[in-house]
Amino acid sequence: MSQSFGHLLAPGRIGSMEIRNRIVMSPMETMYGTPDGLPSARTVAYFAARAAGGVGLITVGATGIDHLHPETPGGLQIGSDAAIAAHRTLVDAVHEHGARIQPQIVHAGPDGLGPEMHGVTSLGPSVIPSYLTGRPSAEATKEQIAAILDQFRAAAGRVREAGYDGMELHAAHGYMFLGSFLAPQRNRRGDRYRGSSVEGRIRVVLEALEAIRSEVGVDFPITLRISGYERVAGGRPVHDTASIAPLLVEAGVDAFHVSGGVIDRLVTGMVNASDRGDGLNVGAAAAVKEAVDVPVIAVGRLHSPELAEAVLADGRADFVALGRPLLADPDLPRKLTEGDSSRVRQCISCENCIDTLEEKLATECAVNARTGYERELVLVPAALPRRVMVIGGGPAGLEAVRLADRAGHDVVLLERADHLGGALVAASAVHPENRPYLDWLLAEVERSGVVVRTGTEADVDAVVALGATTVVVATGGAVVVPEIAGADLPHVTVGLDPERLPDGRRVVVVGGRLAAVEYAEVLAARGQLVSILETGPEIGAEFGSKRRTEHFDRLDRLGVTVHVGCLVEAITIDGVRYTPAHGTSRQLPADAVVLAGTVVPDTSLADAIAEQLPAVEVHTIGDAALGLGLIRGATASAARVLQSMG
């Protein structure tokens with residue numbers, strides 16, 4: 001065992017469940033399930049990979065007890081006996097690798113998709129709009145509450161029959177059935193479940209625990225997920241949560257999983273952005289731990305193993321739950337056990353996992369292309385090792401080099417700059433959370449047997465000289481700058497270089513791609529007055545609504561002005577002439593102007609090599625192939641190209 005992580009790697013116990021370490025995989029929605037809400041082969045492979053990576057306990061994301069009230073399409077269900085066999089397959093796959101596993105049991109309550117998918121009415125503590133859909137729920141009658149409690153009881157029996165080691169009951173984030181009863185701002189009832197008293201709010205949770213215990217007995221482990229601090233007006237404070245914790249233990253809770261915040265349409269209160277800080281729920285977890293004698297699990301931006309270890313060492317919690325860190329590196333626990341903590345691939349807080357849920361109805365990870373594709377992207381030793389030349393040392397090229405070397409190919413990397421990293425260097429300057437990924441890539445390449453040649457321009461002759469049989473072009477996209485009168489003036493900068501920031505009090509950034517937005521934030525944080533002019537309808541369009549909205553909040557705090565759908569007419573010596581949407585032409589004062597440009601694919605080098613060397617297999621990856629593919633495009637395209645090599 002690594003002495004550096006003696007607390008994280010120590011065995012633990014929740015009720016009767018013995019766990020090999022203190023690392024819990026946090027419940028996260030993936031939408032990998034079958035249309036019927038059953039664990040699919042994709043689900044099984046995804047969780048089995050984390051079990052093989054050494055995690056102690058896996059908590060499967062929200063698993064519904066009523067198929068008419070799903071939380072998400074593709075979400076899991078255990079609301080009928082027909083689901084038991086599929087869940088048992090999942091359990092067996094995880095147990096094969098020595099991990100424990102439990103489902104998080106939920107009734108979606110007022111926040112389900114029952115009205116949209118099945119034409120039924122959502123039920124909640126009161127007539128309240130869903131956080132997720134805006135559609136109002138009906139106030140559940142006492143008879144309907146009793147029926148739902150019976151569903152919890154029956155589901156618990158199926159959980160035990162499927163072979164799970166325990167179960168987690170979801171009562172957090174002020175939503176779904178149990179959580180919305182606990183939330184003062186949502187529970188407006190006046191009966192014995194009333195939201196105006198602690199006794200009323202907690203009653204339905206106590207009754208759910210009673211129903212579950214009547215089915216599974218006293219020895220089956222039950223964890224309760226709860227928000228320590230709801231962080232909204234009228235929400236539940238930390239001391240309220242700590243005060244009800246002993247009552248919940250008395251009712252049968254074996255451990256608390258203390259999260260924070262309440263959900264909203266963009267899950268900003270649940271999945272927190274990097275600028276919210278690290279370990280933001282630890283204080284609430286510690287408050288609960290100081291009130292009870294059962295284990296407490298802390299969760300929320302514990303991305304660093306060192307921070308997670310410190311939380312346990314300080315006695316603030318008994319376990320830590322990691323969500324996104326195990327998407328980024330399913331082998332994180334194993335690497336800590338083997339003393340290889342420096343090789344952990346850290347989450348970069350890009351929120352691609354949230355974006356892809358919205359865009360593709362399936363979770364993907366920007367830095368780990370295998371997340372969700374564990375069956376398709378299996379790196380195996382090459383049957384016939386090749387002489388592979390990778391051109392370009394940005395994120396796509398570095399990932400291709402890393403994978404090709406691991407597969408056993410003979411690899412050479414050519415980079416025309418005097419350093420590696422490409423666009424990821426600048427991206428790390430404006431979004432520091434990117435830096436650990438860049439450092440990890442560089443370290444992995446340095447550990448490999450790859451020949452690296454910086455300051456070397458690649459061309460057809462270089463391919464011939466090195467005898468490459470396969471060429472992977474990762475030279476990045478081309479930056480296209482709009483033609484604007486005055487673009488040649490001395491106070492105009494073309495492109496985004498965080499190492500050479502413009503002088504002057506007032507700066508206009510022309511272009512609103514994500515890198516330009518982050519660049520504008522850097523300028524504003526130094527005290528400059530910044531305006532963004534975007535001709536299209538949106539800024540940061542490469543990302544989903546959640547991260548884009550978080551940038552809106554940052555721009556607002558920093559005082560950055562933003563115009564979309566505008567016409568940039570000309571740059572003058574003291575400003576920019578532009579027409580705002582639905583407005584008239586006017587002058588925007590500027591001491592400096594930055595033309596961000598757009599990124600488009602650039603396959604010119606790959607095309608030239610393919611044309612002149614038809615016997616050489618040529619691939620193009622990253623921005624060179626995709627235009628603005630971001631880190632997720634870089635890693636995914638590199639992984640798929642290496643997979644195709646066999």
Side-chain angles (χ1 to χ4, degrees), residues 1 7-27 39 47-48 50-51 54-61 63 65 78 83-84 87-106 149 152-172 178 205-226 245-258 285 288-289 291-299 312 315 317-322 333:
M1 176 185 296
H7 293 85
L8 269 178
L9 300 178
R13 175 186 289 271
I14 293 176
S16 60
M17 185 198 317
E18 295 182 356
I19 305 170
R20 62 187 173 188
N21 56 48
R22 303 302 177 103
I23 302 173
V24 178
M25 183 175 182
S26 187
F47 283 115
R50 275 77 197 165
V55 71
L57 170 63
I58 288 172
T59 305
V60 179
T63 304
I65 62 174
I78 196 164
I84 294 172
H87 281 274
R88 187 179 294 118
T89 298
L90 170 59
V91 170
D92 290 345
V94 167
H95 283 169
E96 184 178 343
H97 298 288
R100 301 296 188 181
I101 183 170
Q102 62 181 10
Q104 184 186 74
I105 299 303
V106 306
L149 294 175
F152 274 113
R153 179 197 58 75
R158 297 184 195 105
V159 167
R160 185 180 57 185
E161 189 174 345
Y164 283 108
D165 300 291
M167 61 177 283
E168 178 167 285
L169 196 60
H170 192 311
L178 299 182
V205 181
L206 298 178
E207 290 179 351
L209 287 165
E210 181 182 11
I212 290 167
R213 283 295 180 205
S214 72
E215 179 68 24
V216 300
V218 297
D219 294 330
F220 193 71
I222 299 176
T223 297
L224 184 75
R225 171 96 160 190
I226 191 169
L247 299 176
L248 293 164
V249 172
E250 186 178 342
V253 170
D254 291 306
F256 289 92
H257 186 177
V258 183
V288 173
K289 181 172 170 56
V292 298
D293 296 320
V294 299
V296 172
I297 305 167
V299 67
L312 299 184
D318 302 284
F319 293 82
V320 293
L322 306 181

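Position 1 is the first residue of the sequence; numbering continues from there.
One N or O on the side chain of Asp165 and one on the backbone of Ile101 form a donor-acceptor pair closer than 3.5 Å. With hydrogens and angles disregarded, a donor-acceptor distance shorter than 3.5 Å links the side chain of Arg160 to the backbone of Glu215. The backbone N or O of Met25 sits nowhere less than 3.5 Å from a side-chain atom of Arg50 that would complete a donor-acceptor pair. In this structure, the side chain of His170 engages the main chain of Ala172 through a donor-acceptor pair within 3.5 Å. For Asn21 (side chain) and Gly12 (main-chain N/O), no donor-acceptor pair under 3.5 Å exists by modelled atom type.
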Could you please spell out the steps behind the side-chain contact (heavy atoms from CB on, under 4.5 Å) verdict for Val159 and Phe220?
CA-CA 10 Å; Val159 167; Phe220 193 71; 3.9 Å; yes
Under the side-chain contact (heavy atoms from CB on, under 4.5 Å) criterion, do Asp293 and Val249 qualify, and how do the steps go?
CA-CA 9 Å; Asp293 296 320; Val249 172; over 6 Å; no
Candidate pair Phe47 and Leu90, rule side-chain contact (heavy atoms from CB on, under 4.5 Å), full reasoning
CA-CA 8 Å; Phe47 283 115; Leu90 170 59; 3.9 Å; yes
Are Asp318 and Arg22 close enough, and set up right, to give a side-chain contact (heavy atoms from CB on, under 4.5 Å), and what steps lead you there?
CA-CA 7 Å; Asp318 302 284; Arg22 303 302 177 103; 4.2 Å; yes
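What you find for Pro27 and Glu168 is that their closest heavy atoms are CG-OE2, 3.7 Å. Closest of all the heavy-atom pairs between Ala285 and Ala298 is CB-CB, 4.0 Å. Here the closest non-hydrogen pair linking Ala245 and Phe256 is O-CZ, 3.4 Å. Nearest approach of Phe152 to Ala208, heavy atoms of both residues: CD1-CB, 4.5 Å. Of all heavy-atom pairs spanning Ala171 and Leu178, the tightest one is CB-CB, 3.9 Å. Shown here for Ile65 and Ala155, the closest heavy-atom pair between the two residues is CG2-CB, 3.4 Å.
Contact annotation: the side chain of Ile23 approaches that of Leu8 to within less than 4.5 Å [non-hydrogen atoms, C-beta and beyond]. The closest side-chain heavy-atom distance from Ile105 to Ile78 is below 4.5 Å. Annotation: side chain of Leu57 is not in contact with side chain of Phe319 (no heavy-atom distance under 4.5 Å).
Just one of Arg88, Arg100, Arg158, His87 meets the side-chain hydrogen bond (donor to acceptor under 3.5 Å, both in side chains) condition when paired with Tyr164; it is His87. Tested against Leu169 for a side-chain contact (heavy atoms from CB on, under 4.5 Å), the candidates Leu209, Val106, Thr223, Val253 yield a single pass: Leu209.
Neither side chain, Gln104 nor Thr63, offers a donor N or O lying under 3.5 Å from an acceptor on the other.
One finds a salt bridge joining Asp254 and Arg213 here, because a Lys/Arg side-chain nitrogen approaches an Asp/Glu carboxylate oxygen to under 4.0 Å.
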